[in-house]
Amino acid sequence: MTVLGGIVFFSITWWLVFFAVLPWGVRSTEEAGVQAERGIPSGIPHRPPLLKKVLITTGIALVLLVAFSVVVQYDLLGYRQFMEAP
C-alpha cells in the first residue's frame with residue numbers, strides 16, 4: 001500500500017469510527033440531574049468527553065490501518081490475483 005493509500009484509508013476509517021463512537025457514554029442534562037438553563041433543551045449532551053472519544057477513535061483506526069496494511073502487503077486474501085485481468 002502506498003503512503004497516499006494509507007492516508008486515505010486512515011482518514012475514511014477514522015471518520016466512520018468516530019461517528020460510531022460519538023454516542024458512547026452520552027448523558028443528557030436531564031439524565032445527569034443538572035438543571036438546564038432557560039432556553040436550552042434538556043436533551044442536550046452534558047459534558048461529552050470528546051477528547052477521550054478522539055483518542056479511542058484514533059487507536060481503533062490505527063489498529064485497522066495496520067491490519068489492512070498486513071493483509072495487502074502479504075496478499076492474505078488473494079487481492080493481487082483478483083485484480084489481474086483473466
Side-chain angles (χ1 to χ4, degrees):
M1 176 179 358
T2 64
V3 174
L4 182 59
I7 291 170
V8 168
F9 180 85
F10 179 79
S11 61
I12 291 172
T13 305
W14 193 94
W15 281 104
L16 287 172
V17 172
F18 183 65
F19 285 124
V21 168
L22 268 179
W24 294 0
V26 174
R27 294 179 2 200
S28 66
T29 53
E30 185 177 1
E31 292 171 340
V34 177
Q35 181 68 28
E37 295 180 22
R38 188 171 183 213
I40 297 178
S42 61
I44 195 167
H46 179 69
R47 295 189 183 179
L50 289 179
L51 180 60
K52 181 179 176 181
K53 292 178 183 191
V54 165
L55 294 175
I56 290 170
T57 300
T58 302
I60 293 171
L62 283 173
V63 168
L64 292 173
L65 175 65
V66 168
F68 184 72
S69 297
V70 168
V71 167
V72 170
Q73 181 70 28
Y74 295 109
D75 197 25
L76 298 177
L77 299 176
Y79 171 74
R80 286 176 177 58
Q81 290 176 354
F82 177 73
M83 294 304 290
E84 291 176 359

Legend entry - Contact check, side chains of Trp24 and Ile56, non-hydrogen atoms, under 4.5 Å: yes
Inset, instruction - Check whether any side-chain heavy atom of Phe10 lies under 4.5 Å from a side-chain heavy atom of Leu64, and answer yes or no. - result: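 Not in contact.
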Might you point out which heavy atoms bring [X] and [Y] nearest each other, and give the distance in Å?
| X | Y | result |
| --- | --- | --- |
| Arg27 | Ala32 | NH2-CB, 3.1 Å |
| Pro45 | Val26 | CB-CG1, 3.8 Å |
| Leu65 | Gly6 | CD1-O, 3.8 Å |

Inset, instruction - Would you confirm whether Lys53, through its side chain, and Pro48, through its main-chain N or O, come within 3.5 Å as a donor-acceptor pair? - result: no
Inset, instruction - Check for a donor-acceptor pair, side chain of Ser11 on one end and backbone N or O of Val8 on the other, with a separation under 3.5 Å. - result: yes
Give a yes or no on whether [X] and [Y] share a hydrophobic cluster (residues Ile, Leu, Val, Met, Phe, Trp, Tyr; joining criterion: side-chain heavy atoms under 4.5 Å apart).
| X | Y | value |
| --- | --- | --- |
| Val34 | Ile40 | no |
| Val72 | Leu62 | yes |
| Val63 | Leu16 | no |
| Leu4 | Phe9 | no |

Inset, instruction - Taking atom CD of Glu30 as the centre, report whether more than 12 heavy atoms of other residues, nucleotides or ligands fall under 6.0 Å from it. - result: no
Inset, instruction - Keeping to residues at least two apart or across chains, list the side-chain hydrogen bond (donor to acceptor under 3.5 Å, both in side chains) pairs with something in residues 54-63. - result: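 Qualifying pairs, neighbours excluded: Trp14-Thr58.
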Inset, instruction - Supply the atom-to-atom distance Leu50 CG to Leu55 CG, rounded to the nearest 0.5 angstrom. - result: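 Leu50 atom CG to Leu55 atom CG measures 11.0 Å (nearest 0.5 Å).
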Legend entry - Any residue meeting side chain to side chain donor-acceptor pair (under 3.5 Å) with Ser69, in chain and number order, not counting sequence neighbours: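 Testing Ser69 for side chain to side chain donor-acceptor pair (under 3.5 Å), a comparison that skips the adjacent residues, returns none.
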